[in-house]
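Input: a single structure, listed below in structure tokens.
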Amino acid sequence: MLARIDLHTHSTASDGTLTPAEVVDAAVLAGLDVVALTDHESATGWEAARARARETGIGFLPGIELSTKLRGASIHVLGYLVDPTTAELAEEMRRVRDARLVRATQMIDALSADYPLSREDVDAQISDGATVGRPHIADALVAKGIVPDRSAAFAALLHPRSPYYVSTYAPPPDQAIRLIRAAGGVPVLAHPGRAYLSGRLTDAVIADLVDAGLAGVEVWHRENEQPTRAHLLELAKRHGLITTGSSDFHGAGKPNRIGENLTPQAALQQIVGDGTGAAALI
Ligand code: AMP
Ligand code: FE
Ligand code: FE
Ligand code: ZN
């Protein structure tokens, strides 16, 4: 039987709405055989997810997702099986997380001038120690009845073209890839579709990222359009990259359903064979 493998999900350790254990339960309910937890700049959900995976018998792959920036374009890099305590990686994750906090404060200040939204409203949406992002501001806007759901918040008030939007620090993608490799991890380019269509992520950039140590590319993801997927498959062949498929599940925060896209078993095997910074439960 074909294994059902979803390698990209988020929990309350970052901007998902389910706890790490609940994400694993959702994966079991969806009939998955293996699930990866890939919170933004955080590995704090791994322990609870792994424990739940052990209890339920599902496979678990620990991961992270790093925000990076290239010529203004937001590019995300997944890092499987990293050792999150490696000094350089831990330092960079801290830097991004600290910047996200400052940026959230700036956005809340701007929004609160025009809407009944306070710092406390947003804090109420953030789990202890979680990586803070616009989704938490979105959830506060929903709780206050200012917008109907997260997606509506992202479409207007939190959109990069909104007057309330503030950008935040992120390293360049080649640096993130090097940090993941140095921490024993396997770097995979997340949902490249949008950056690709914008023209800021190009074949030449991907070739540079391969030189930096990129191991794979997320092909089957709802944000990658069909022609982009075909092109990514071609690039993957050219550069010998692993190809993955994933849901990018955020619980109730996004329409993405867990298991809606899957990763071929051979890709998982390669990731597990290459990663040395953490143990998979397979
Ligand atoms: P930020 O990290 O602050 O730039 O916020 C962007 C993050 O919001 C991305 O990781 C998205 O996955 C996440 N997100 C969660 N829910 C939504 C949604 N409904 N629409 C758009 N982005 C979302
Ligand atoms: Fe997210
Ligand atoms: Fe992402
Ligand atoms: Zn994600």
Side-chain angles (χ1 to χ4, degrees), residues 7-11 13-14 20 34 36-47 49-50 60-71 73-101 129-131 133 168-192 195 201-202 204-218 232 235-236 238-244 246 248 263 267-282:
L7 295 188
H8 186 165
T9 69
H10 296 264
S11 74
S14 65
V34 179
L37 184 68
T38 52
D39 278 304
H40 300 279
E41 284 87 30
S42 176
T44 58
W46 289 6
E47 204 184 314
R50 189 193 300 277
F60 173 66
L61 187 75
I64 54 170
E65 185 175 19
L66 298 184
S67 296
T68 81
K69 244 194 265 188
L70 182 73
R71 292 184 231 138
S74 169
I75 291 173
H76 289 180
V77 182
L78 296 157
Y80 297 108
L81 300 171
V82 290
D83 177 354
T85 66
T86 308
E88 291 77 16
L89 177 65
E91 222 167 88
E92 190 60 27
M93 290 204 289
R94 156 110 359 243
R95 196 169 166 203
V96 171
R97 286 160 55 91
D98 287 351
R100 283 170 162 283
L101 269 175
T131 302
T168 183
Y169 166 80
D174 62 325
Q175 187 187 336
I177 287 167
R178 287 195 182 90
L179 288 172
I180 290 167
R181 282 289 193 191
V186 184
V188 172
L189 197 58
H191 48 71
L201 181 64
T202 61
V205 170
I206 290 187
D208 286 346
L209 298 184
V210 171
D211 287 344
L214 186 68
V217 60
E218 199 174 56
L232 289 170
L235 277 180
R238 190 186 310 161
H239 295 295
L241 296 171
I242 299 165
T243 50
T244 66
S246 303
D248 205 352
T263 291
L268 174 68
Q269 276 161 356
Q270 246 176 295
I271 291 171
V272 171
D274 283 3
T276 57
L281 180 70
I282 304 287

**Message:** Please give me the minimum heavy-atom distance between Thr168 and Arg100, naming the atom from each residue.
**Reply:** OG1-N, 3.6 Å
**Message:** Are the side chains of Leu81 and Ile271 in contact, using a 4.5 Å heavy-atom criterion?
**Reply:** yes
**Item:** Qualifying residues under ring pair (Phe, Tyr, Trp, His ring centres under 6.0 Å), relative to His76, sequence neighbours excluded
**Value:** His40, His191
**Complete:** Shortest non-hydrogen pair, Ala280 vs Pro62, comes out as CA-CD, 4.1 Å
**Complete:** Across all chains, not counting sequence neighbours, the side chain to side chain donor-acceptor pair (under 3.5 Å) partners of Thr38 are none
**Item:** side chain to side chain contact (heavy atoms under 4.5 Å, CB included) between Leu89 and Leu66, intermediate numbers included
**Value:** CA-CA 10 Å; Leu89 177 65; Leu66 298 184; 4.0 Å; yes
**Asked** Is a side-chain donor or acceptor of Tyr80 paired with a backbone partner of Ala36 at a separation under 3.5 angstrom?
**Response** no
**Request:** For residues Ala176 and Thr68, report the shortest heavy-atom separation together with the two atoms involved.
**Result:** CB-CG2, 3.5 Å
**Message:** Within this structure, what is the OG1-CG distance for the pair Thr86 and Leu179, rounded to the nearest 0.5 Å?
**Reply:** 9.5 Å
**Message:** Working note: Val77 + Leu209, criterion side chain to side chain contact (heavy atoms under 4.5 Å, CB included); need CA distance, chi angles, decisive distance, verdict.
**Reply:** CA-CA 11 Å; Val77 182; Leu209 298 184; over 6 Å; no
**Message:** Using the side chain to side chain donor-acceptor pair (under 3.5 Å) criterion, which residues pair with Asp274? Sequence neighbours excluded.
**Reply:** none
**Message:** Rounded at 0.5 Å granularity, tell me how far CD in Gln175 sits from CD1 in Ile177.
**Reply:** 11.0 Å
**Prompt:** Take atom CZ in Arg94; do more than 12 heavy atoms of anything else shown fall under 6.0 Å from it?
**Reply:** no
**Prompt:** Can you check whether Leu214 reaches Leu189 side chain to side chain, under 4.5 Å on heavy atoms?
**Reply:** yes
**Request:** Go through the steps for Ile64 and Val82 under the test side chain to side chain contact (heavy atoms under 4.5 Å, CB included), then give the verdict.
**Result:** CA-CA 8 Å; Ile64 54 170; Val82 290; 3.9 Å; yes
**Item:** Under 3.5 Å donor-acceptor, Asp39 side chain and Ser11 backbone
**Value:** yes
**Item:** Pairwise side-chain contact, Leu235 with Val217, heavy-atom cut-off 4.5 Å (strictly under)
**Value:** no
**Prompt:** Are any of the side-chain heavy atoms of Ile282 and Val34 separated by less than 4.5 Å?
**Reply:** yes
**Message:** Testing the 3.5 Å rule here: is there a donor-acceptor pair between the side chains of Asp248 and Ser246?
**Reply:** no
**Message:** Could you check whether any side-chain heavy atom of Pro187 comes within less than 4.5 Å of a side-chain heavy atom of Arg181, counting everything from C-beta outward?
**Reply:** yes
**Message:** Using 0.5 Å steps for rounding, measure from the CG atom of Asp211 to the CG atom of Asp174.
**Reply:** 10.0 Å
**Prompt:** Can you list the residues that meet the side chain to side chain contact (heavy atoms under 4.5 Å, CB included) rule with Ala170, with sequence neighbours excluded?
**Reply:** Ser67, Lys69
**Rounded distance (nearest 0.5 Å) linking atom CH2 of Trp46 with atom CG of Leu281** = 13.0 Å
**Request:** Check Ala90 against Pro84 and note the closest heavy-atom contact, atom names and distance.
**Result:** CB-O, 3.5 Å
**Message:** Under the criterion side chain to side chain contact (heavy atoms under 4.5 Å, CB included), I'd like the reasoning laid out for Thr243 against Leu232: C-alpha separation, chi angles, the key distance, then a yes or no.
**Reply:** CA-CA 9 Å; Thr243 50; Leu232 289 170; over 6 Å; no
**Message:** Please report the interatomic distance NE2(His8) to CG(Leu61), rounded to the nearest 0.5 Å.
**Reply:** 12.5 Å
**Student check: side-chain heavy atoms of Leu241 and Val210 closer than 4.5 Å** = yes
**Request:** Locate the shortest heavy-atom distance separating Glu218 from Pro192; write the atom from each residue and the value.
**Result:** O-CD, 3.3 Å
**Message:** Please enumerate all residues that pass side chain to side chain donor-acceptor pair (under 3.5 Å) together with Ser42, with sequence neighbours excluded.
**Reply:** Thr44
**Prompt:** Are Arg97 and Thr131 linked by a side-chain donor-acceptor pair shorter than 3.5 Å?
**Reply:** yes
**Prompt:** With sequence neighbours excluded, what pairs up with Thr263 under the side chain to side chain donor-acceptor pair (under 3.5 Å) test?
**Reply:** none
